[in-house]
Amino acid sequence: MTVLSASDLRKIYEIGKQNVHALDGVSLQVEEGEFVAVMGPSGSGKSTLLHLLGGLDQPSGGDITLAGIKVSLLSDQEATLLRRRNIGFVFQFYNLLPTLSAKENILLPLIIDGKKPRDHEKRLQELLLRVGLSDRADHRPSELSGGEQQRVSLARALITQPKVLLADEPTGNLDSRTGNQVMELLGELSRDLNQTIIMVTHDPKAAAHADRVVFLQDGRIREEISLTGIRSMQ
Ligand code: ADP
Ligand code: ADP
């Protein structure tokens, strides 16, 4: 089943009199449980694609279909609600609130959604265990390593059980060993929990954890490579 798709997606930035075609007709279908890595040179449109898929920015043309619903047909409010229910976001620089504990940061999306954290204690504990932070739940971000902070941000992205996890350079700020641990975690989420993941990365070692790699160049898909066959031979 297709969870998220983009059809002829375009984004034009107007800078003075110049138009930058950041995305120039990108079509992409992501199936449930699939782990897709988006690679490409700096300026090729990777972040723009992820931002459009996650609704952080508006496309200049084309369509996005999320959970079977064409986003362009919705009001802003309906689109926001659809995304809040279906998308989790992980950023390079974690974006955790410094005054809240790890646990409070993770619960924040539920609170914003008007839910009672108490009703979700079991899911919180399961997630803490999965990301290996059960004994760090009461620590503030400043008391956690970079890898731990990224794992908090991962748990925060997953607490609402989103259909799709979008990750923008999730290992970009981590040393290679810690980055690899985060990538192993993403791989496990994809394999064990059938979590759909779309991740932007510069790092071929990170992309090697994905099922499919999509290469962007000048705002277009230049090439797609399936890694599922390669991985099952290992
Ligand atoms: P990547 O993530 O692959 O480095 P981006 O999606 O950030 O690429 O950028 C694609 C192109 O769009 C680049 O030429 C970039 O300079 C331009 N761009 C991105 N965001 C903006 C913006 N907010 N305003 C103007 N130009 C932008
Ligand atoms: P990263 O590569 O860390 O993901 P982004 O490419 O997303 O960073 O850029 C960070 C922010 O800067 C985004 O909000 C993006 O829209 C903006 N941006 C990127 N390139 C440009 C540009 N050429 N002009 C103006 N804003 C830009």
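Everything numeric here is computed off the predicted structure, so don't read it as measured data. All ligand and atom numbering here is 1-based and tracks the order in the structure.
Partners of Q161 according to the side-chain hydrogen bond (donor to acceptor under 3.5 Å, both in side chains) rule, which considers only residues two or more places apart in sequence or in another chain, do not exist here.
At a heavy-atom cutoff of 4.0 Å, ligand 1 is contacted by both the backbone and the side chain of T48. When heavy-atom distances to ligand 1 are checked against a 4.0 Å cut-off, V200 has no atom that comes that close, whether in backbone or side chain.
Close N/O approach between V20 and ligand 1 is not found [any backbone or side-chain N/O within under 3.5 Å]. Note: no N/O pair closer than 3.5 Å links A22 and ligand 1 by distance alone.
Side-chain atoms of E169 and H202 form a donor-acceptor pair, as typed in the model, at a separation below 3.5 Å. Donor-acceptor pairing under 3.5 Å is recorded for the side chains of S153 and Q150. Side chain to side chain, E31 and T2 meet the donor-acceptor criterion of an N or O pair below 3.5 Å.
Dense packing is recorded around CG of D135, with more than 12 heavy atoms of other residues, nucleotides or ligands lying under 6.0 Å away.
Here the CG atom belonging to N95 is positioned 10.0 Å from the CZ atom belonging to F89, to the nearest 0.5 angstrom.
Near P41, the atoms of ligand 1 lying under 4.0 angstrom from a non-hydrogen atom of the residue are 3 (O).
Within the 4.0 Å heavy-atom cutoff, G219 does not count among the residues contacting ligand 1. The closest approach between G40 and ligand 1 stays at or above 4.0 Å for every heavy atom of the residue.
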